[in-house]
Structures are given as structure tokens and as C-alpha cells.
Amino acid sequence: MSTRAVTLNRHILEEERLHPGAAGELSELLVQLGYAAKILAREIGRAALVGRLGLVGEKNATGDSQKKLDIFANDTVVEAFAQTGLVAGVVSEELDEVKQISCEGKAKYILCTDPLDGSSNTDTNGALGTIFGIYRRDVSCGCDQLGDVLRQRATPVAAGYVMYGTSTLLVYTSGHGVAGFTLDRELGEFLLSHENIRCPERGRTYSANVARIGDWHPNIRRFIEHLTQTDPASGRPYSLRYSGALVGDVHRSLIEGGIYFYPPDPSHPEGKLRLVYECAPLAALVEMAGGRASDGRQRILDIPAENIHQRVPLVIGSVEDVALYEAFLRGEES
Ligand code: AFP
């Protein structure tokens, strides 16, 4: 192992130097995120050995049956951030309300997180992830207005995901490009493995739960027909890849190009994915890497959050593929 390898913590400190006047608080939060990710990587890896697979028998705020790992992941991430004293509140898929942590002046941040994305994959060893967005709060706003930050269409000051797959990857941005780190389990360190990630402008794969195609807008069906027609000159047909975990499908699009979409349907009239802790953090990251993210019509980061568990349609990935989806949806393409 070369000592020239860049650890996550060193990268965070180098990024901090790019923020004149930074006090190191955001860095401290990102270091804690890395720590929580290591714990989750270990526990997810041995969940079947320690009775941590399966359901807890409860439902979360958005009606999903909670898995034991959902609860463990939520407690691990919340605890890791709470102990810094820098977080005023946490918005989580597993918490009905904003969890107020501290009202002190130094608690300048709000964490929005999906602690375990793709939890329907837990018992089948499929891809899993953790999504996070860190927002700065206006400390003049009292603690009971934490949600206000989200209504201001704030863009996260840092965002990213952890992907628990064949290896454990942490991909993040704090405003200066997107970088990816692979967990070296022996060393217990996240090491820089993907420097300055740029999302290819076009891909060759699409990710969507096409079992629902009959419920989608006819223009979306035309978009899929277009993608699946054979035309080597335009790189078609695209292949279908759907992991059941947004993080897994967005990661593929970020690295190889491609598009993920989850349109509205009768059982999800607003879309399925949650704006504040799934879509907005990933939109901030993908845009930073040159990609695009919208609800099919409006940029995700321009959508004000009316409530913390608000759902929106999502299309995200390569800039040309997402733009084409939007053009089809408007009926400009056929
Ligand atoms: P869970 O985290 O509740 O498993 O949901 C996963 C998810 O939010 C996203 O990660 C997937 O892409 C999508 O939902 C899968 O939804 P369908 O099962 O309806 O395709």
C-alpha cells in the first residue's frame, strides 16, 4: 500500500482550505459521516450472522415497513452527527418529524439523510446505500423553524452517498467537484479511488421499474421505445439496469453515464422518492459532476420542500439523456 494514498480525512481537510474562513465544522461532520459509514459497512456485511436481517414490524413516516438495518443505520448516523454538537436537527426517512438535537449557536447545520437506501435489498444481499445532504441553518431562526431551511430551496453545502456493494464506496461533494473513496477494510480507511468524477454526457443504460410502464405517461413510454430501438450510430439500444437501490443506479450513471427515472404512477401520484433526503442531495452531487436532475419538468434543486417527507418524480443522470427525457415528456420528441 503506497503511503501516497489520499485518505478521506486528508481530502476533507484539503477541501476545507478551498473555503476561505472555514472553521472546520463542516469537515468535522464529513469525518463523522465517514466514521458512521465504516460502522454500517461492517454491520451490513455481517447482518446475517448477528440476526440483523428482516423486519422490525413497524412502518416509517412514509409507510415503508422498517427493516432492522433501517433502524440500526438511522441510529448510527444520527448518533455520529449528534455527538459533534454542530447539528441542530436531523431529517431522516426513518423519523416522522425533524429530530431536534441542539439549539446552541454552534449547531449551525441540519442533516438530511436516507440512512439505508434500498432496504428492500437487505435480505437478498443486494446493493444498499446511505444518502446525505448537509444544510447550513440560519441560527437566528429558532430551533422550531428547522424545516424553514428546506422551504428556502437551500442547496446542501455538502452532499453524497455511501454505497455498500462489492466494495464500500463513499462519494461526496462539498462544493469543489465530486470525489469517490473506497474503504480499505484492513486499513479501516476510505482511500481516494475516483478523483474529480465527471458524469458522461450520455450513457448506454437506463434504470426504471418498467413493471410500472403501463401506468406511466405515454410520452415516457415513447422515450423508452426510443431508447430501446436499435441504432448503433446513436448508441442505441440502451440496456436496462435496475438495482432496487437509487444509490446503486445513480452511481452507475455517474461513472458510466446513463439515466434513472421514477415517474408518478397511480400508487405514487407525486412520485415515490423523497425530495429532501433522497433527491436533493443526489441532485446536488450529480449536477456538481456535470449531470442533471429534475422532476421531468423542473430542476430538483429549484423545488421548495413543503414538508420533510415530500415525494417528487425524479429523473437523474447524464445531461443529454435527462434533457431528452424532458423533451419527450413535453411532447417535443417522438
Ligand atoms: P427503499 O429504501 O424503501 O427500499 O426504497 C428504495 C427506493 O427509494 C429507491 O432506492 C429505489 O430506486 C426505489 O425506491 C425502488 O422502488 P420500487 O421497488 O417501487 O421500484
Side-chain angles (χ1 to χ4, degrees), residues 8 29-84 87 89-99 101 109-134 156 158-172 181-183 185 188 190 243-251 272-274 276-282 285 308-309:
L8 172 65
L29 293 177
L30 290 168
V31 166
Q32 282 300 96
L33 189 272
Y35 172 60
K38 290 176 195 172
I39 295 173
L40 290 178
R42 180 189 68 196
E43 293 309 314
I44 288 168
R46 64 192 198 135
L49 304 174
V50 294
R52 216 177 244 136
L53 295 182
L55 294 164
V56 281
E58 306 283 332
K59 287 191 182 296
N60 67 16
T62 48
D64 301 329
S65 303
Q66 288 179 310
K67 296 283 185 77
K68 293 177 186 170
L69 279 171
D70 279 322
I71 305 300
F72 179 79
N74 184 68
D75 296 347
T76 301
V77 172
V78 171
E79 181 49 37
F81 277 75
Q83 62 183 239
T84 64
V87 171
V90 176
V91 173
S92 165
E93 181 179 329
E94 305 311 327
L95 297 172
D96 296 358
E97 304 300 333
V98 179
K99 182 176 177 68
I101 308 271
Y109 297 92
I110 294 177
L111 169 70
C112 297
T113 184
D114 179 358
L116 198 69
D117 171 53
S119 44
S120 57
N121 285 341
T122 56
D123 297 14
T124 54
N125 208 19
L128 294 170
T130 295
I131 305 172
F132 68 94
I134 300 172
Y161 56 82
V162 185
M163 183 176 165
Y164 312 99
T166 44
S167 64
T168 297
L169 269 171
L170 189 156
V171 178
Y172 87 105
F181 300 78
T182 300
L183 180 60
R185 289 177 186 270
F190 278 104
S243 70
L246 174 62
V247 162
D249 296 321
V250 166
H251 183 68
K272 178 186 181 186
L273 300 166
R274 282 51 60 117
V276 168
Y277 45 78
E278 289 181 308
C279 304
L282 294 176
L285 184 98
I308 59 171
H309 295 296

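A quick note: this is a predicted structure, and the numbers were derived from the prediction, not measured.
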Trainee: Taking all heavy atoms of Tyr172 and all of Phe181, pick out the closest pair and write down the distance.
Mentor: CE2-CE1, 3.6 Å

Trainee: Which residue is it: Ile39, Val56, Val77? I am looking for the one with a side chain to side chain contact (heavy atoms under 4.5 Å, CB included) to Phe72.
Mentor: Ile39

Trainee: Taking C-beta and beyond as the side chain, do Ile44 and Thr168 meet within less than 4.5 Å on heavy atoms?
Mentor: no

Trainee: Determine whether the side chains of Ser119 and Lys67 contain a donor N or O and an acceptor N or O closer than 3.5 Å.
Mentor: no

Trainee: Side-chain contact test, heavy atoms from C-beta onward, threshold under 4.5 Å: evaluate it for Val171 versus Met163 and give yes or no.
Mentor: no

Trainee: Rounded to the nearest 0.5 Å, what separation is found between the CD1 atom of Ile131 and the SG atom of Cys112?
Mentor: 12.0 Å

Trainee: With rounding to the nearest 0.5 angstrom, report the OG1 to CG distance, Thr113 to Asn74.
Mentor: 7.5 Å

Trainee: Could you grab the distance from atom OG1 of Thr182 to atom CG of Leu8, nearest 0.5 Å is fine?
Mentor: 11.0 Å

Trainee: Give, for atom NZ of Lys38 and atom CG of Leu183, the distance between the pair rounded to the nearest 0.5 Å.
Mentor: 7.0 Å

Trainee: Is the shortest side-chain heavy-atom distance between Leu111 and Phe132 below 4.5 Å?
Mentor: yes

Trainee: Check whether any side-chain heavy atom of Leu40 sits under 4.5 Å from a side-chain heavy atom of Tyr164, and report yes or no.
Mentor: yes

Trainee: Any chance CG of Asn125 has more than 12 other-residue heavy atoms, nucleotides or ligands included, within less than 6.0 Å?
Mentor: no

Trainee: Measuring from His251:NE2 to Leu285:CG, what's the distance to the nearest 0.5 Å?
Mentor: 10.5 Å

Trainee: Checking the side chain of His309 only, and the main-chain atoms of Arg274 only, is there a donor and an acceptor separated by less than 3.5 Å?
Mentor: no

Trainee: What's the shortest heavy-atom distance between Ile101 and Val87, and which atoms?
Mentor: CB-O, 3.3 Å

Trainee: Please confirm whether the backbone N or O of Leu53 pairs with a side-chain atom of Asp123, one donor and one acceptor, at under 3.5 Å?
Mentor: no

Trainee: Which pair of non-hydrogen atoms, one from Ser243 and one from Asn121, has the smallest distance, and what is that distance?
Mentor: O-ND2, 3.0 Å

Trainee: One pair to check against side-chain contact (heavy atoms from CB on, under 4.5 Å): Phe81 and Leu33. What are the steps and the verdict?
Mentor: CA-CA 7 Å; Phe81 277 75; Leu33 189 272; 3.9 Å; yes

Trainee: What pair of heavy atoms forms the shortest contact from Leu273 to Cys279, and how long is it?
Mentor: CB-SG, 3.7 Å

Trainee: Identify the two heavy atoms, one from Val162 and one from Val247, that lie closest to each other, and give their separation to 0.1 Å.
Mentor: O-CG1, 3.8 Å

Trainee: Out of curiosity, Leu246 CG to Leu282 CG, how far, rounded to the nearest 0.5 Å?
Mentor: 5.0 Å

Trainee: Using side-chain heavy atoms (C-beta onward) and a distance below 4.5 Å, is Asp64 in contact with Glu93?
Mentor: yes

Trainee: Search all heavy atoms of Glu278 against all heavy atoms of Pro281 and return the closest pair with its distance.
Mentor: O-CD, 3.7 Å

Trainee: Step through the shown structure and confirm whether more than 12 heavy atoms of other residues, nucleotides or ligands are within 6.0 Å of CD on Gln83.
Mentor: yes

Trainee: Please check: side-chain N/O of Gln32 versus main-chain N/O of Ala80, any donor-acceptor pairing under 3.5 Å?
Mentor: yes

Trainee: Let's go through Thr122 and Leu116 carefully: what are the C-alpha distance in whole Å and the side-chain angles of both, what is the deciding distance for side-chain contact (heavy atoms from CB on, under 4.5 Å) to 0.1 Å, and is it a yes or a no?
Mentor: CA-CA 9 Å; Thr122 56; Leu116 198 69; 3.7 Å; yes

